[in-house]
Structure formats: C-alpha cells, structure tokens
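Notes to accompany the following structure.
Just so it is clear, the structure is predicted and the values come from calculations on it, not from any experiment. For the numbers below, each heavy atom of this structure counts, side chains included, while hydrogens, waters and symmetry mates do not. A, B, ... follow the sequence lines: proteins, then strands. Residue 1 opens every chain.
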2 protein chains.
Amino acid sequence: MESKLDLVFSALADPTRRAILTMLLEDDMAVTDVAEPFDISLAAISKHLAILSRAGLISQERRGRVKWCKLEPEALRPASVWMQAFGQFDEIDLDAFERFLERELDP
Amino acid sequence: MESKLDLVFSALADPTRRAILTMLLEDDMAVTDVAEPFDISLAAISKHLAILSRAGLISQERRGRVKWCKLEPEALRPASVWMQAFGQFDEIDLDAFERFLERELDP
DNA sequence: TCGATATTCAACCGTTCGGTTGACGATTGG
DNA sequence: CCAATCGTCAACCGAACGGTTGAATATCGA
C-alpha cells in the first residue's frame, strides 16, 4: 500500500504540477484553461491533474462538458507537519516565499 | 536545469529515504548502520543516500573507511516555505506529527 | 441536427527509478 | 602482511514517469 505522503511529495516533485497548484491559488479553473500556459499537450496536462487528484491536492468536478479543478490545500497538511519537525520553521519567511513563488511562475 | 525544489520533493517522495532522515534526527550515522534496519542491499542504500545528498538534505564526510551521514534540516526550508503558503499551517500540530512519525518508523 | 469544444483513453516511446548482483578500491586491525 | 570491513561502481532488470499522437466520448450551441 502506498502512503499518502508518498503521493503528495511525488506530486509536488514536478515543476509543472507545482505551477498548476500555484495557478489554482487564484481561482478554480477548467482543464483547458489550466493547460493554456504550458507547451505540452492537453493529454499530458490531464495526466498531471489526475496525479494531483490522486494525491488529494485538487478536486475535480464535472459540470457539463467542463471539468473544474479546485485546489485542496488541506491535503498538504500531513506533508507540511512532517517537514516542520526537521527544521523548526515556526515563523514563515514571507519574503523568501515570494521569491520562490516568482521562480515557480516564471519559466 | 533542475530546481532544488524538484530535488527535495522527489527525495522526500520515497518512504525509505524519509525513514533514513528520521533515523538521522537521532544522531549522525555510518552508511552501514543506516542500512542495517532495511531489507535491501547496501548498494541500494548507498544510492538513496546519494539522492538525499544531491538534494542537500544530508551531508557526508568520510573519516577513514567510514562515511558519516549528517542530517541537514536547513535544506528543507525552501520546500517548507513553499508548502506553507497553500495551507496557512501557522501552528504546528505536534500530536499529528507524532502519529505520522510512528507511521514512518514502523514498517 | 451537426459541427465545434472539452476531456479522456489507448498505445507507444525514451528515460528515470528502485532494486539486484558481483567486482572493485580503500582502509583497518590483528 | 593479510584478511576482513566499508562503501561505491557497473551492468542489468522490470516498472513507473512524462511525454506524444490519434481515436473516442460527451456535451454545447447555433
């Protein structure tokens, strides 16, 4: 059996998937709109979304022919809790976060 | 070029590697001692350690014929910061962490 | 109704991953 | 000196990954 932590961390290991999650911070999106900024096929994006969905990081709801993707940030909690123990990152460095966010959205 | 975040998250995606990190919370360890609790070959452990090392999550220092492995928790900071933005996990749930830790050490 | 739109499926491809085994290069200690 | 210990390397294996293309399935809108 595969741990949820495995699923979450390996979902996060891909930059395309992290970029998708970042986009979904703004708002829910349809699959086609998620795919738009990327240079890869829609089918590839569909697979990425399936992986994010299996990890619980997004939920997908079909309305008509459009499938809406919604960020599920709660799914990050176990992984976040796991990590915190190793580094005692009690205070969040927001400046550092914004720098990383830029680096995520950029390429 | 591969992002540091890629390296850290994919290093964490494997349960054996997470278990190794957890063991190193206690103390620095030699490669052979790291391998001891696992049912896989020493060569496999050596590869896992190389992956953790490339991700910056551990450092290795050879003294004589023994190579010592040391946890480098600072390497988790970028990943931790990245995650926090999605969930606002300002307060750490230590009970939850201990439950996860047990689940990590157990199998 | 019919064409366009939205998404997935299925098959395939090359690469990476986690693992093995056996040989090998150091280093140690009796 | 010499055998044992520590760890890596190299070659291999099967499975999973990230991607493609083309066909298939719904659903929408005019």
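- With a cutoff of under 4.0 Å to any heavy atom of chain B, the contacted region of DNA chain D is bounded 5' to 3' by D/dA4 to D/dA11.
- The side-chain heavy atoms of B/V34 and B/H48, taken from C-beta on, include no pair separated by under 4.5 Å.
- B/L42 comes within contact range of at least one nucleobase, with a heavy-atom separation under 4.0 Å.
- Atom-to-atom, CG of B/D6 to P of C/dT16 comes out at 14 Å; the value is rounded to the nearest Å.
- Here the CH2 atom belonging to B/W82 is positioned 6.5 Å from the CG atom belonging to A/L76, to the nearest 0.5 angstrom.
- Separating the CD atom in A/Q60 from the NZ atom in A/K70 is a distance of 13.0 Å, to the nearest 0.5 Å.
- Taking OG of B/S53 as the reference point, atom CG of B/L49 lies at 8.0 Å (rounded to 0.5 Å).
- Put simply, the side chain of A/D33 does not reach to within 4.5 Å of the side chain of A/M23, judged on heavy atoms.
- Taking CG of B/L52 as the start and CG of B/L7 as the end, the distance is 11.0 Å to the nearest 0.5 Å.
- Taking the side chain as every heavy atom from C-beta outward, A/I51 and A/R54 approach each other to under 4.5 Å.
- Rounded to a whole Å, the CD1 atom of B/I20 is 11 Å from the P atom of C/dG18.
- Across the interface with DNA chain D, nearest-nucleotide mapping of B/V31 and A/R65 shows B/V31 to be the residue nearer the 5′ end.
- We find that CG of A/D33 is positioned 14 Å from P of C/dT5, with the value rounded to whole Å.
- Near DNA chain C, defined here as any heavy-atom distance below 4.0 Å, the residues from residues 46-54 of chain B are B/K47, B/H48, B/I51, listed numerically.
- Judged by distance alone, the side chain of B/R18 and the main-chain N or O of B/L12 form a donor-acceptor pair under 3.5 Å.
- Of the residues in residues 56-64 of chain B, B/R62 come within less than 4.0 Å of DNA chain D through at least one heavy atom, sorted by number.
- Using modelled atom types, one side-chain atom of B/S10 and one backbone atom of B/D6 make a donor-acceptor pair closer than 3.5 Å.
- One distance of note links CD1 of A/I20 with CZ of A/R17; it measures 8.0 Å at 0.5 Å rounding.
- Between B/L5 atom CG and B/M83 atom CE the span is 10.0 Å, to the nearest 0.5 Å.
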